[in-house]
Amino acid sequence: FLIDVAHARVSATALAFDAVDFMHRTEPFTEALHLSDNDWQEDQNLPFDENSWFWPLLDIYADRPKVIESYQLQDIDLLRQITLLQSASA
């Protein structure tokens, strides 16, 4: 599976389940992640940071591909996202 963490977060709000628990339960079946943030209400494809809800979970997905799915970023902001994600994998 490919897990879109922003979709997981919105779905968790809409369907009243725990997004972190979902990520743990689906981890054995997950091949890759789409990474972006949102307000828990709609999929906004916002940039993520170390305070994003999924950030502590990146360790268990360290060996899986990750796609940054934040739209309309300036080049410098995309570079920041890449650098931040690389620091999580270090």
Side-chain angles (χ1 to χ4, degrees):
F1 294 115
L2 168 86
I3 301 292
D4 184 312
V5 298
H7 292 182
R9 184 176 184 181
V10 171
S11 296
T13 299
L15 301 173
F17 65 84
D18 184 288
V20 172
D21 182 59
F22 171 80
M23 295 296 289
H24 282 287
R25 288 175 181 258
T26 58
E27 182 272 328
F29 313 104
T30 302
E31 296 293 326
L33 298 175
H34 272 186
L35 303 179
S36 65
D37 214 343
N38 59 42
D39 65 359
W40 290 80
Q41 301 303 312
E42 63 180 306
D43 187 20
Q44 298 163 303
N45 297 111
L46 299 174
F48 56 85
D49 61 29
E50 301 96 332
N51 297 313
S52 295
W53 73 273
F54 61 84
W55 192 259
L57 300 169
L58 291 181
D59 283 347
I60 65 172
Y61 294 95
D63 62 336
R64 281 19 100 77
K66 294 159 198 77
V67 177
I68 297 171
E69 195 180 19
S70 297
Y71 299 146
Q72 300 180 357
L73 294 178
Q74 300 294 321
D75 289 347
I76 189 69
D77 296 320
L78 180 56
L79 183 58
R80 285 185 189 120
Q81 292 281 269
I82 293 168
T83 302
L84 184 62
L85 188 53
Q86 288 172 334
S87 75
S89 301

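Hydrogens, waters and symmetry mates are skipped; everything else that's a heavy atom, side chains included, is used.
Environment of CG in D18: crowded, with over 12 heavy atoms of neighbouring residues, nucleotides or ligands closer than 6.0 Å. Within a 6.0 Å radius of CZ in R64, more than 12 heavy atoms belonging to other residues, nucleotides or ligands are found. Within a 6.0 Å radius of CD in Q74, no more than 12 heavy atoms belonging to other residues, nucleotides or ligands are found.
Taking both residues in full, the closest heavy atoms of S36 and S70 are given as CB-OG, 3.9 Å, listed atom of the first, atom of the second, then distance. Taking each heavy atom of L35 and F48 in turn, the nearest pair found is CB-CE2, 3.8 Å. Here the shortest heavy-atom pairing between N45 and E69 reads ND2-O, 2.9 Å. Closest heavy-atom contact between L58 and A88: CD1-CB, 4.0 Å. Minimum interatomic distance between D49 and W55 (heavy atoms only, all atoms of both residues): O-CE3, 3.7 Å. The shortest non-hydrogen separation linking Q81 to P47 is OE1-CA, 3.4 Å.
One distance of note links CZ of F17 with CZ of R25; it measures 11.0 Å at 0.5 Å rounding. Between atom CG of residue D37 and atom CZ of residue F54 there is a gap of 5.5 Å, rounded to the nearest 0.5 Å. Once rounded to the nearest 0.5 Å, the distance linking CD of Q44 with CG of D39 reads 4.0 Å. In this structure, CG on D63 lies 9.0 Å from CD on E31, to the nearest 0.5 angstrom. The CG atom of L57 lies 11.5 Å from the CD1 atom of I3; values are rounded to the nearest 0.5 Å. Note that CG of D77 is 11.0 Å distant from CD1 of I82, once rounded to the nearest 0.5 Å.
Between F29 and F1, the angle of the ring planes goes over 60°, which puts this pair in the perpendicular group of the 30/60° scheme.
Judged by distance alone, with hydrogens and angles left aside, the side-chain atoms of D21 form no donor-acceptor pair with the main-chain N or O of H24 at under 3.5 Å.
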(message) Before you tell me yes or no, could you show the steps for D75 and L79 under side-chain contact (heavy atoms from CB on, under 4.5 Å), namely the whole-Å CA-CA distance, both residues' side-chain angles and the distance that decides it to 0.1 Å?
(response) CA-CA 6 Å; D75 289 347; L79 183 58; over 6 Å; no

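The cluster map of Ile, Leu, Val, Met, Phe, Trp and Tyr, joined by side-chain heavy atoms under 4.5 Å apart, puts F22 and L15 in the same cluster.
Y61 pairs by the ring pair (Phe, Tyr, Trp, His ring centres under 6.0 Å) definition with nothing, not counting sequence neighbours.
In this structure the side chain of K66 never reaches within 4.5 angstrom of the side chain of V5, judged on heavy atoms.
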